[in-house]
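Here the structure comes first, spelled out in structure tokens, and everything after it is commentary.
Chain letters run A, B, ... following the sequence lines, proteins first and then strands; every chain starts at 1. Not measured: the values here are computed from a predicted model.
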Amino acid sequence: MSHLVLIDGNSIANRAFYALPLLSTSAGLHTNAVLGFTTMLLKVLEEMNPTHVLVAFDAGKVVFRHSEFAEYKGGRSKTPSELSEQFPLIRDLLDAFSIRRFELEGYEADDIIGTLTLHADQNNWKTTVITGDKDMLQLVSDHVSVALTRKGVSEIELYTPKEIEEKYGLKPLQIIDLKGLMGDTSDNIPGVPGVGEKTALKLLHEYGSVESVLENIDKVSGKKLQENLRENVDKAKLSKALATIMRDAPVEVTVEETAYEGYTPEPVTDFFKKMEFKSLLSKVKGAGTDDEKKGKGAPFDFAVVESEHTARFADKLTSPMAVSVEMDGENYHHAPILGFGLAADGVSLYVPWDVAKEWTAFQQWLADDQQEKWVFDGKRDTVSLAWHELTMAGIRFDSYLATYLLNAAESSPQVADIASHYADVQVLPDEEVYGKGAKRLVPEMGVLSEHVARKATALWQSVPRIRDAMAESKLEELLSDLEEPLSLVLATMEKQGVKVNEHRLQQMGEELDTQLEKLTETIYELAGTSFNINSPKQLGEILFDKLDLPVLKKTKTGPSTSADVLEKLAPYHPIIEAILHFRQLGKLRSTYIEGLTKEIHPGTGKVHTIFNQATTATGRLSSTDPNLQNIPIRLEEGRKIREAFIPSEEGWYILAADYSQIELRVLAHISGDANLIDAFQKGMDIHTRTAMDVFDVAETEVTSLMRRQAKAVNFGIVYGISDYGLSQNLNITRKEAGEFIERYFAVFSGVKQYMEDIVKQAKQDGFVTTLLNRRRYLPDIKSSNFNLRSFAERTAMNTPIQGTAADIIKLAMIRMQGSLREQGLESRMLLQVHDELIFEVPEKELEIMQQLVPDVMENALKLNVPLKVDVNYGRSWYEAK
DNA sequence: AGCGTCACG
DNA sequence: ACGTACGTGACGCTC
């Protein structure tokens with residue numbers, strides 16, 4: 001079947017330009033829009049498999065609409081030269097791909113696309129329009145879908161008539177009426193003053209079209225609205241005309257002539273080289289002779305070590321060497337080890353697990369710290385081997401952690417990913433070798449051994465290139481002095497595990513069962529029927545249809561039943577309270593009783609979490625299987641879960657040490673705000689101090705409400721404040737929230753200055769950094785989309801704070817582990833929960849640990865405000881409070 | 001697999 | 001007028 005893809009060239013180029021930082025080639029040629037365009041194009045070609053493709057561009061200065069409305073597009077700022085110089089390059093790109101492009105003097109890309117979709121529609125062709133312009137939604141029909149780019153150009157959102165109905169409650173053609181009423185500043189379509197999307201949608205749902213609205217002005221509710229409509233009848237009609245995309249432009253290209261039969265690799269490769277798109281080169285299908293040699297089809301030389309012949313390979317074990325430990329499964333606390341890949345210059349080996357188990361020379365080499373090893377996720381290897389009483393030492397470069405530091409946004413990279421970036425040898429993603437989901441299967445020996453050997457070889461080839469990239473961004477120290485040592489500390493903690501009192505959990509579970517049964521009965525009675533309380537859909541029907549409670553907030557799929565909404569509904573009906581309680585207890589049962597019990601290791605009676613060191617965008621850790629960073633504490637009923645976390649040795653204690661207000665202290669340091677620094681130097685309660693300053697009262701006059709509000713403002717500041725967010729949190733109006741913020745910034749002017757500067761900095765560099773130079777890229781910081789841009793701006797404010805706090809506790813963990821060893825202490829570090837460390841401690845070390853832990857944590861990094869740590873201990877995690 | 005919800009910092 | 005608080009992971013339901 002034919003599938004025509006029509007691309008709005010100008011729109012995509014624009015969005016790509018503003019979404020990506022201003023990249024340039026070594027010759028100074030700007031390429032960010034070209035890169036964004038290319039990424040989008042590759043994605044479309046791969047995912048949509050089009051048979052026909054055409055890219056339309058605007059052409060000529062005088063568009064036909066000018067005569068109708070002189071100001072049309074008048075408000076549009078001139079295209080910056082950095083962008084306009086990229087259009088010829090985009091044309092080259094399309095030529096390299098043998099993709100048809102088209103422009104028509106005096107017409108816009110919209111009109112060309114509008115006309116061609118009509119042609120295609122008449123031929124019953126499946127057609128997809130790629131654009132960033134919502135106006136184009138008017139072209140949607142049974143055969144025509146519109147894909148809107150999101151997050152710059154990296155993601156797309158497909159609209160068929162169904163999605164438009166769901167999102168706007170409109171038919172595609174009514175999009176024109178929508179624009180006619182609300183206007184569009186970017187296109188300088190005036191619309192009706194005072195009418196935004198909300199009002200426009202309301203009017204259209206009622207009257208259907210601009211014309212019909214204008215005929216019924218008298219019936220429209222709202223005096224001011226009526227007046228605006230009456231005074232702007234012409235403007236509304238003109239706006240609608242302006243928003244209408246032409247379907248009969250004199251386009252001489254026929255849809256048949258846009259046939260696309262794939263591209264030849266050479267011109268594409270040449271173009272990418274010219275643009276210096278190194279990472280894209282590997283994505284060129286069937287590319288050049290180089291890759292063919294290295295690629296799948298090419299022979300790959302490696303040897304499998306057999307048990308009778310290990311002696312032959314002894315001299316192959318060199319330093320440095322790349323090591324890859326292959327295991328069957330994600331969770332390395334349980335996954336069987338399949339074998340090892342080893343690689344160095346001219347060496348590529350696979351050592352099956354059975355052979356490795358018997359090969360003592362190999363095991364000694366593995367445990368020798370003097371034998372330098374390059375790895376991908378050394379923690380995984382270390383822990384997995386530890387479960388088999390094997391040691392790996394001498395890890396000097398961890399490419400998993402390195403690529404995380406280079407770009408934290410790339411989610412869970414595999415060796416295959418770094419191979420495509422940095423190596424010559426080709427590596428298949430694990431999923432392609434093993435299959436996924438239920439179809440997962442360890443492949444036959446021949447396939448497995450080659451895959452693992454390739455991985456090791458890819459690592460070997462990548463390391464020098466990754467090192468160069470690290471040096472370029474000045475990230476070597478962060479890797480070698482922080483993340484790599486930390487990974488070994490984490491490995492010890494994970495392997496150590498935390499003892500769980502399974503019996504206690506079971507008891508709690510039984511109590512919960514009883515309570516939940518009672519609550520279920522109560523809820524059914526109050527509802528007058530039984531239903532699945534855990535189904536937001538069914539619950540919504542009961543609350544909002546049957547009981548007729550007001551809908552305060554909606555989600556994509558229906559009315560929201562989230563806790564904040566239910567709390568507001570509580571006065572209306574007694575069922576609400578029961579539901580909230582049911583939810584709370586249900587969560588405890590499913591996640592913390594049942595979920596946690598499943599994770600108890602049968603051999604140790606402990607839970608062994610996995611700390612992911614390369615997941616978060618800010619530099620924090622995360623914890624999975626089980627997640628031990630979200631064990632309940634805020635509500636007493638949930639907090640009891642912590643009673644089940646106990647020391648693993650008779651007579652020991654659990655000791656918890658947490659940083660007090662670390663993020664606000666970090667903010668004081670990096671903003672240099674004199675007032676905030678003063679507050680911390682005087683050791684004041686920071687929320688009380690904020691309340692004093694913001695409300696201008698003495699310490700004794702601060703009420704609990706004032707303190708609570710000040711606390712919320714402080715949280716907001718750390719998150720990158722907005723009046724809306726604060727108003728939601730405090731349940732106050734936006735105006736009031738805005739006033740709080742204004743008063744805050746008046747007193748803490750250094751904080752205000754920091755917020756402004758960091759956003760400016762982010763716009764200039766395209767990234768922000770923490771105190772230890774951890775980096776986060778913010779591709780949306782220059783986006784023309786208000787939402788994306790605002791989000792990126794808040795991220796720019798928050799990440800240096802959250803990320804620096806993460807840096808500090810990571811430093812503290814490394815020092816802590818060192819101190820425990822140096823001082824010959826038996827105490828063990830077990831967990832990290834973002835701003836706190838949990839230990840198990842023998843009684844005889846309680847005293848020293850209460851000194852040592854805060855000392856190490858408070859002095860992990862010198863700031864211009866003191867860091868403060870509180871310590872508590874008890875017979876369980878619950879009692880360490 | 002995606003969504004809504006909710007647990008934590 | 002725009003529409004949000006920052007960062008995570010696990011669960012049950014729905015398709």
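- Proximity of A:L566 to A:R583: side-chain heavy atoms (C-beta onward) are separated by under 4.5 Å at one or more points.
- At whole-Å resolution of the value, CD in A:E663 and P in C:dG7 are 11 Å apart.
- Using a 4.0 Å heavy-atom distance criterion, A:R583 is classed as a sugar-phosphate-only contact.
- Distance check: A:R794 CZ to A:L778 CG gives 12.5 Å after rounding to the nearest 0.5 Å.
- Spacing between atom CE of A:M182 and atom P of C:dC2 amounts to 8 Å, rounded to whole angstrom units.
- The interatomic distance linking A:Q802 (CD) with C:dA5 (C1') rounds to 13 Å, in whole Å.
- Comparing C:dG3 with B:dC8, their C1' atoms are spaced 26 Å from each other, to the whole Å.
- Nucleic acid contact for A:T555: sugar-phosphate only, since backbone atoms but no base atoms lie under 4.0 Å from a heavy atom of the residue.
- Shown here are the ring pair (Phe, Tyr, Trp, His ring centres under 6.0 Å) partners of A:F740, two or more places apart in sequence or in another chain: A:F695.
- What separates CD1 of A:I741 from C1' of C:dT4 is a distance of 12 Å, to the nearest Å.
- Salt bridge A:K640/A:E636: present, at least one basic N to carboxylate O contact under 4.0 Å.
- Neither side chain, A:E483 nor A:Y404, offers a donor N or O lying under 3.5 Å from an acceptor on the other.
- Here the separation of C:dT4 from B:dT5, taken at their P atoms, is 15 Å to the nearest Å.
- Straight-line distance from the CD1 atom of A:I801 to the C1' atom of C:dA5: 13 Å, rounded to whole Å.
- Applying the salt bridge (charged side-chain N to carboxylate O under 4.0 Å, His left out) criterion to A:D723, with sequence neighbours excluded, gives A:R734.
- Distance, A:I670 CD1 to C:dC6 C1': 14 Å, rounded to whole Å.
- Closest approach of A:V607 to A:E599, counting heavy atoms only: CG1-O, 3.7 Å.
- Taking atom P on both C:dC2 and B:dA7, the two are 32 Å apart, rounded to the nearest angstrom.
- With C:dG3, C:dC6, C:dA5 as the candidates, the nucleotide lying closest to the side chain of A:R734 is C:dG3.
- No side-chain donor-acceptor contact under 3.5 Å links A:S783 and A:N785.
- A:Y168 and A:K134 get closest at one heavy-atom pair: OH-CD, 3.6 Å.
- Nucleic acid contact for A:A805: none, since no nucleic acid atom lies under 4.0 Å from a heavy atom of the residue.
- Within residues 830-837 of chain A, the residues having any heavy atom closer than 4.0 Å to DNA chain B are, in order of number, A:V833, A:H834, A:D835.
- In terms of phosphate contacts, A:R794 brings a side-chain nitrogen or oxygen within less than 4.0 Å of OP1 or OP2 of C:dC6.
- Across all strands shown, A:Q728 has no heavy atoms under 4.0 Å from either base or sugar-phosphate atoms.
- Nucleotides of DNA chain B that come within less than 4.0 Å of any heavy atom of chain A span, from the 5' end to the 3' end, B:dC3 to B:dG9.
- Taking atom CE of residue A:M755 and atom C1' of nucleotide C:dT4, one finds them 15 Å apart after rounding to whole Å.
- A search for salt bridge (charged side-chain N to carboxylate O under 4.0 Å, His left out) contacts involving A:D835 returns nothing, not counting sequence neighbours.
- Side-chain contact, A:K379 with A:Y400: no donor N or O sits under 3.5 Å from an acceptor N or O.
- Residue contacts for A:I631: at a heavy-atom cut-off of 4.0 Å it reaches the sugar-phosphate backbone alone, with no base atom in range.
- When rounded to the nearest whole Å, the span between CG of A:L225 and P of C:dA1 equals 12 Å.
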Taking Watson-Crick and G-U wobble contacts under 3.5 angstrom, with | marking pairs to another strand and [ ] crossing pairs, the secondary structure of DNA chain C is written .....|||||||||.
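- In this pair, A:H601 and A:H334 present their aromatic rings parallel. The plane angle is below 30°, not in the 30 to 60° band.
- The stretch residues 709-719 of chain A touches DNA chain C through A:A712, A:G716, A:Y719, each having a heavy atom within less than 4.0 Å of the strand.
- Among residues two or more places apart in sequence or in another chain, the ring pair (Phe, Tyr, Trp, His ring centres under 6.0 Å) test is passed with A:F645 by A:W877.
- For the atom pair A:N627 CG and A:Y592 OH, the distance stands at 7.0 Å (nearest 0.5 Å).
- Within 4.0 Å of A:F786, counting heavy atoms only, lies at least one base atom of the nucleic acid.
- Residue A:T799 is classed as having no contact, given no heavy-atom separation below 4.0 Å to the nucleic acid.
- With sequence neighbours excluded, no residue forms a salt bridge (charged side-chain N to carboxylate O under 4.0 Å, His left out) with A:K546.
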With B for base contact, S for sugar-phosphate-only contact and - for none (protein heavy atoms under 4.0 Å), nucleotides 8-15 of chain C reads SBBSSSSS
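- The side chain to side chain donor-acceptor pair (under 3.5 Å) check on A:S11 picks up A:T131, with sequence neighbours excluded.
- For A:S790 and A:E793, the side-chain atoms include no donor-acceptor pair closer than 3.5 Å.
- For A:F748, the ring pair (Phe, Tyr, Trp, His ring centres under 6.0 Å) test picks out A:Y744, with sequence neighbours left out.
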